[in-house]
Amino acid sequence: MKKIYYINIFFLIINIAAASGSDDIFTSGKLSVPPLIGKSELYLAMQKGTLSLSAGNSRTMGFNGNYLGPTIQVSKGDYVKFNIENKLGEESTVHWHGLHVPAEFDGGPHQVIRPGEIWKPEFVINQNAATLWYHPHLMGKTAEHVYKGLAGMFIIEDDYSKSLKIPQRYGINDFPVILQDRRLDRNGAFEYLPRMPDIMHGYTGNIMLANGAYKSSLELGRGTYRFRLLNGSNSSLFRISFSDSRMFTVIASDGGFLPESVKTDSLVMSPGERYEILIDFMEKEEISLVTEIAGGDIHEAVKIKINGTENEYFTHPETFKYQPVVPDSGQVRRTFRMENRGMGNFMINGKKMSLKRIDFSLKKNSSEIWTIENAGMGMMMNIPHSFHVHDVQFSVISINGRKPGPLYSGPKDTVLVMPGDRVEIALKFQDYTGIYMYHCHFLEHEDEGMMGQFEVLER
Ligand code: C2O
Ligand code: CU
Ligand code: CU
């Protein structure tokens with residue numbers, strides 16, 4: 001709990017210098033729920049589009065549409081085959097964030113899809129139920145492509161998740177909620193034109209989109225609902241809560257169910273992180289899902305109106321089946337020092353990302369303990385970072401020498417590392433070999449070099 005308190009102080013301090021609110025010239029729309037695509041029809045077209053936010057039209061990019069993409073829903077054990085067509089007129093990639101997958105299909109900076117090309121990754125879904133996501137990962141272009149709208153949810157179910165008595169009717173009582181701040185200009189449109197302060201402190205927006213819509217509303221009957229939250233922003237730290245500060249139950253983190261569910265009234269989420277929550281609506285009322293940007297504004301991301309009808313109620317499970325990553329004895333230890341040396345010099349262990357350099361290699365089936373340090377840089381440059389590792393779900397074993405809070409006790413692939421912090425994680429590399437990435441998921445930092453690559457070797 002100490003940790004959460006500390007992060008809240010961070011919100012408070014930077015809010016003193018916060019910018020003023022956004023204006024109210026827009027009309028509200030219904031929360032759009034991305035269509036589902038499953039095992040048999042996995043076609044994604046990366047294309048250009050426009051997003052109209054009432055006052056202005058933004059030039060965007062989307063999968064199979066103008067902005068964002070369909071939700072992919074598959075089950076553990078499925079063999080999936082994708083056809084991903086690049087109609088952008090420029091290079092890109094599609095990475096499966098959080099997916100345990102052979103390196104050649106990971107969709108990182110090595111798997112470039114040229115304009116007009118169709119990429120055909122295929123693999124077996126080889127991990128437990130989780131809410132993952134997908135987005136481009138081209139060297140130096142990730143931030144721009146994600147900002148323009150290339151992102152979608154990737155939901156995995158398994159026999160265990162299907163057997164649970166929790167909401168699981170997509171778009172009825174189980175909703176994906178992709179939260180993204182965007183910076184509207186005077187014309188009411190957004191573009192991606194970062195300047196040095198944006199690279200340092202994040203390309204923070206003045207409006208909040210939920211599933212690509214501004215001021216979305218959702219009308220529901222009374223009952224229990226499941227929201228799959230994703231901080232899909234480029235570089236904003238969010239604090240999520242409800243307008244009446246009601247308690248909700250967190251049941252899953254990045255890579256799946258928590259060993260024990262957590263009751264809370266707010267969640268801090270760094271870019272790329274996911275949480276699944278359960279919430280009860282007992283009476284006719286209006287309430288909103290509130291997203292506060294660290295250093296920015298407080299937004300009503302989704303207005304929820306509870307009408308007189310009744311949907312289903314569920315008791316919130318207290319525990320879930322979960323096997324944490326336990327490092328074996330004699331495991332290798334590594335340290336990753338995340339450092340911002342100013343003027344866009346974002347480094348890990350003194351180096352900027354190079355596709356020509358493999359930073360280290362390790363053997364398949366080994367488990368390791370990594371220590372991530374946010375070096376900070378004096379008072380002016382204390383900016384948060386996060387650490388994301390491809391291919392694995394890891395366990396957070398300590399933060400500044402202490403056991404982390406219960407929200408960090410489940411499977412994770414991305415972890416927030418506040419200025420001056422040291423975070424220890426345990427990882428196990430199994431099944432696949434090849435080159436994978438690790439990086440800061442503040443996308444401006446990633447694109448400026450805060451990334452590295454490791455190779456998993458057969459032996
Ligand atoms: Cu979500 Cu390497 O990325
Ligand atoms: Cu990833
Ligand atoms: Cu960073």
Side-chain angles (χ1 to χ4, degrees), residues 1-8 10 97-100 130-133 202 229-240 250 252-259 262 264 267-276 294 322 324-327 333-340 346 348-349 367-376 382-429 436-443 445-446 450-452 454:
M1 282 302 113
K2 263 264 164 56
K3 182 69 201 168
I4 300 298
Y5 176 70
Y6 170 45
I7 294 171
N8 282 345
F10 187 76
H97 180 127
L99 200 70
H100 177 46
T131 301
L132 313 179
W133 65 301
L229 305 171
L230 161 66
N231 178 339
S233 76
N234 273 33
S235 293
S236 297
L237 203 50
F238 290 160
R239 185 166 53 191
I240 317 286
V250 186
S253 57
D254 302 337
F257 294 110
L258 296 171
V262 178
T264 183
L267 278 174
V268 170
M269 297 182 75
S270 68
E273 285 186 301
R274 287 89 63 210
Y275 281 114
E276 290 181 31
Y322 166 62
V325 183
V326 203
R333 283 185 171 269
R334 299 180 202 275
T335 302
F336 300 82
R337 196 174 154 81
M338 307 181 83
E339 207 172 354
N340 157 32
F346 285 91
I348 300 178
N349 292 339
S367 64
E368 306 209 339
I369 293 182
W370 294 4
T371 303
I372 320 344
E373 298 175 357
N374 178 338
N382 280 340
I383 51 175
H385 297 297
S386 68
F387 197 78
H388 168 53
V389 189
H390 288 206
D391 183 42
V392 292
Q393 291 294 331
F394 53 74
S395 293
V396 180
I397 50 180
S398 78
I399 297 176
N400 299 330
R402 295 211 193 100
K403 194 170 173 275
L407 287 171
Y408 285 0
S409 61
K412 286 192 65 62
D413 54 50
T414 306
V415 64
L416 175 62
V417 190
M418 294 296 280
D421 275 9
R422 287 169 64 93
V423 176
E424 262 186 321
I425 61 175
L427 319 87
K428 192 164 169 91
F429 299 87
Y436 295 98
M437 305 290 139
Y438 55 93
H439 56 90
C440 180
H441 218 287
F442 287 69
L443 299 180
H445 301 175
E446 174 191 333
M450 204 170 241
M451 176 156 69
F454 62 97

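The first residue of the sequence shown is numbered 1, and numbering continues consecutively from there.
Atom CZ of Phe394 is separated from atom CD of Glu368 by 13.5 Å, given to the nearest 0.5 angstrom. Taken from CD in Glu424 to OG1 in Thr371, the straight-line distance is 4.5 Å, to the nearest 0.5 Å. To the nearest 0.5 angstrom, Ser386 atom OG is 12.0 Å from Met269 atom CE. Separating the CD1 atom in Ile369 from the CZ atom in Arg333 is a distance of 4.0 Å, to the nearest 0.5 Å. Here Met451 contributes atom CE and Cys440 contributes atom SG; the two are 11.0 Å apart, rounded to the nearest 0.5 Å. Once rounded to the nearest 0.5 Å, the distance linking NE2 of His441 with OG1 of Thr414 reads 5.5 Å.
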> Please walk me through it: do Thr264 and Val250 pass side-chain contact (heavy atoms from CB on, under 4.5 Å)?
Replying inline: CA-CA 8 Å; Thr264 183; Val250 186; 3.8 Å; yes
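Aromatic ring orientation, Phe387 versus Trp370: perpendicular (interplanar angle above 60°, classes split at 30° and 60°).
Under the 3.5 Å distance criterion, the side-chain polar atoms of Glu273 are left unmatched by any main-chain donor or acceptor of Asp254. Put simply, the side chain of Ser270 never gets that close to the backbone of Leu237: no donor and acceptor are under 3.5 Å apart. Looking only at distances, a side-chain donor or acceptor of Asn349 sits under 3.5 Å from a matching main-chain atom of Arg337. Put simply, the side chain of Gln393 gets close to the backbone of Asp413: a donor and an acceptor are under 3.5 Å apart. Within the 3.5 Å criterion, the main-chain N or O of Val325 finds a donor-acceptor partner in the side chain of Ser395. Between the side chain of Arg274 and the backbone N or O of Gly272, at least one donor-acceptor pair lies under 3.5 Å.
Looking at Ser253 and Pro411, their side chains come closer than 4.5 Å, going by heavy atoms from C-beta outward. Here the side chains of Lys412 and Ile425 are not in contact, with every heavy-atom distance at 4.5 Å or above. The shortest side-chain heavy-atom distance between Leu407 and Tyr275 falls under the 4.5 Å cut-off. With contacts defined as side-chain heavy-atom distances shorter than 4.5 Å, the pair His385/Ile383 qualifies. Residues Tyr438 and Ile348 meet the side-chain proximity criterion, which asks for heavy atoms closer than 4.5 Å. Put simply, the side chain of Leu443 does not reach to within 4.5 Å of the side chain of Pro271, judged on heavy atoms. Ser233 is listed as a side-chain neighbour of Phe238, based on a closest heavy-atom distance under 4.5 Å.
Scanning all heavy atoms of the two residues, the minimum distance from Gly256 to Ala130 falls at N-CB, 3.8 Å. Of all non-hydrogen atoms in Val417 and Glu373, the two that sit nearest each other are CG1-C, 4.3 Å. Closest of all the heavy-atom pairs between Pro404 and Ile399 is CB-CD1, 3.9 Å. Minimum interatomic distance between Pro406 and Val262 (heavy atoms only, all atoms of both residues): CB-CG2, 3.6 Å. Looking at every heavy atom in both residues, Tyr322 comes nearest to Pro259 through CD2-CD, 3.5 Å. Contact record, Ser235 with Gly202: CB-CA, 3.3 Å, taken as the closest heavy-atom pair.
In this structure, the ring of His445 has its center no less than 6.0 angstrom from the ring center of His439. Under the 6.0 Å cut-off for aromatic ring centres, Trp133 and His388 do not qualify, their centroids lying 6.0 Å or more apart. A ring-centre distance under 6.0 Å is found for Phe429 and Phe454.
Crowding of Arg334 atom CZ: a count of heavy atoms from other residues, nucleotides or ligands under 6.0 Å exceeding 12.
Each of Val423, Val268, Asp421, Asn374 was checked for a side chain to side chain contact (heavy atoms under 4.5 Å, CB included) with Leu416, and the lone residue meeting it is Val268.
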